[in-house]
Amino acid sequence: VHMGSVRLEHRFDDSLTLRNQLRFGYTDRDLIVTKPAPVTSGATTVTRDARSRDSIYWNVTNQTDVTAEFSTFGVGHTLVTGVELVREFSNNRPRTITAAPPADLAHPNPDDFYAGSISHSGAKTAAKVDTLAFYAFDTLKLTEQLLLMGGLRFDRIDTRHKSIAVGGAETRLGREDNLLSGSGAVVFKPLPNGSVYFAYGTSFNPSAEFVALAENTANVAPEENKSYEVGTKWDLFDERLSLSFALFRTEKTNARVSDPLGGPDLLLDGANRVNGFEIGIAGSLTERWEIFGGYAFLDSKITKSTNPDEVGKDFANIPRHNFSVWTTYKVLTDVEVGFGASYQSERYANNLNTLRLPDYWRFDAMASYRINENVAVRLNVLNITDELYYDSTHNGQHALVAPGRSALLTTSFKF
């Protein structure tokens, strides 16, 4: 992965600022892996199902915005307006791989000799997505205690996709979406160190959200999302420590689902939602002791689907309980230690809720030493107990094992 960015900012005066950000990213993925294919009850071997990818992805994003502060009729405004230009490109050249040898289910040997063949003879695909967006967001200070916030964003997304079959037949697909999204919030500050707010926003997921189109998605409009949130935040101990609490709901009213009648296109005939709350803490308990952490509860449900067996089930890969905490303490002026813990409850591995990933605890630690004003060293030990847990699952077919115990030693220089 190669990434770079440049930001230019010019402040005309205390009330007007112009900023331009240019970002570039390039990702090259070249891999061949095998995964265990599903087995029947009582089977003692599994088939190694080969998967391969030889692809590149790059994007260029230029964002220009102007921030202006002014007053109208005694109401203060902080107005941000801007334009964003994005070009994304993906190119995938899959391989043709002959079968790998089967493996013993209980004692697989990762060093088995592979005598098959590998060739670049699969179908090729390439896609380009151009996005032009305009946006404006204004914060109105009605009084010292009451703020109103609101904004709109317009996106024009133009996607072009080309695939070349093994025999040379070429298929071209295209789609253009013009979308308007918005957000708004009300913030009330009953005291200088506390606030209560309500926020609402809309967003969308276009068919080419992964920089690709297919014959069953090229004619499908974007999915639409709505989010609602009410919360509060308080600064304590002379604003050294912040506590926050929020209730939220996110819903998708037209989720993509398969056609129950076997039609070629996906249908926007599904719906789902997530209800939850979040508690957070961040800041300093003392001059030497800092803490950051939180807990989130997520109740996800599929409320509508063309597959009746999914209705009322939880989403895959969304744990109900999420907890994390990270704390650091300055033992000496130049010596700091830290410790962290995180927990995720069990998750369903598929939308039918017939497979699960277990819950887990993970613990991390850190120690740092500042040699002088310009040089510092830091040691991080991740997953101290070498806990076996899983990052995610691929449609319930197999689970992805998370990294085991690891250590990272870094040095930073200031000059």
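Every heavy atom of this structure was used, including side-chain atoms; hydrogens, water molecules and symmetry mates were not. The shown structure was predicted, so the numbers you read here are calculated from the model rather than taken from an experiment.
Under the 3.5 Å distance criterion, with hydrogens and angles disregarded, no donor-acceptor pair is assigned to the side chains of Thr47 and Asp49.
Ring planes of Phe339 and Phe363: parallel class, angle under 30° (limits at 30 and 60°). Classified by interplanar angle (parallel below 30°, tilted 30° to 60°, perpendicular above 60°), the ring pair Tyr360/Tyr389 is parallel. Aromatic ring orientation, Tyr26 versus Phe24: parallel (interplanar angle below 30°, classes split at 30° and 60°).
Between Ile384 and Arg405, the closest heavy-atom pair is O-NE, 2.8 Å. Closest heavy-atom contact between Ser195 and Pro190: CA-CD, 4.2 Å. In this structure, Lys252 and Asn205 approach most closely via the heavy-atom pair NZ-OD1, 2.9 Å.
Two residues are said to be in side-chain contact when any heavy atoms from C-beta on lie closer than 4.5 Å; Ile118 and Ile32 meet this criterion. Taking 4.5 Å as the limit, some side-chain heavy atom of Ile97 sits within range of a side-chain heavy atom of Tyr114. When side chains are defined from C-beta on, Asp391 counts as touching Pro403, because their heavy atoms get closer than 4.5 Å. Between Ser345 and Pro319 the shortest side-chain heavy-atom distance falls below 4.5 Å. A 4.5 Å side-chain heavy-atom check between Ser284 and Glu290 finds at least one atom pair inside the cut-off. Taking 4.5 Å as the limit, some side-chain heavy atom of Arg53 sits within range of a side-chain heavy atom of Asn92. The shortest distance between side-chain heavy atoms of Leu357 and Asn317 falls below 4.5 Å. A heavy-atom distance below 4.5 Å is not found between the side chains of Leu152 and Tyr135.
Side-chain rings of Tyr200 and Tyr228 approach one another, their centers coming within less than 6.0 Å.
Put simply, the side chain of Thr45 never gets that close to the backbone of Pro102: no donor and acceptor are under 3.5 Å apart. For the pair Asn254 (side chain) and Glu224 (backbone), a donor-acceptor distance under 3.5 Å is present. Asn322 places no side-chain N or O within donor-acceptor distance of the main-chain N or O of Ser342, the cut-off being under 3.5 Å. In terms of modelled atom types and a separation under 3.5 Å, the side chain of Asn351 and the main chain of Ala316 share a donor-acceptor contact. With hydrogens and angles disregarded, no donor-acceptor distance shorter than 3.5 Å links the side chain of Asn62 to the backbone of Leu85. Between the side chain of Arg273 and the main chain of Asp299, a donor-acceptor pair closer than 3.5 Å is present. At least one donor-acceptor pair under 3.5 Å links the side chain of Arg95 to the backbone N or O of Leu31. Remark: side-chain polar atoms of Ser207 are paired, donor with acceptor, to backbone N or O of Thr217 under 3.5 angstrom. With hydrogens and angles ignored, the 3.5 Å screen pairs no side-chain donor or acceptor of Asp238 with any backbone N or O of Arg240.
Of the options Phe248, Phe245, Phe277, a ring-ring contact (aromatic ring centres under 6.0 Å, His included) to Phe297 is made by Phe277 and by none of the others. When the options Glu229, Lys189, Lys233 are evaluated for a side-chain contact (heavy atoms from CB on, under 4.5 Å) with Tyr197, the one that passes is Glu229.
Heavy atoms of other residues, nucleotides or ligands lying less than 6.0 angstrom from CD of Glu209 number more than 12. Remark: Phe188 CZ is packed, more than 12 non-hydrogen atoms of other residues, nucleotides or ligands lying under 6.0 Å away. For Arg288, the CZ atom is densely surrounded, since the number of other residues' heavy atoms within 6.0 Å is greater than 12.
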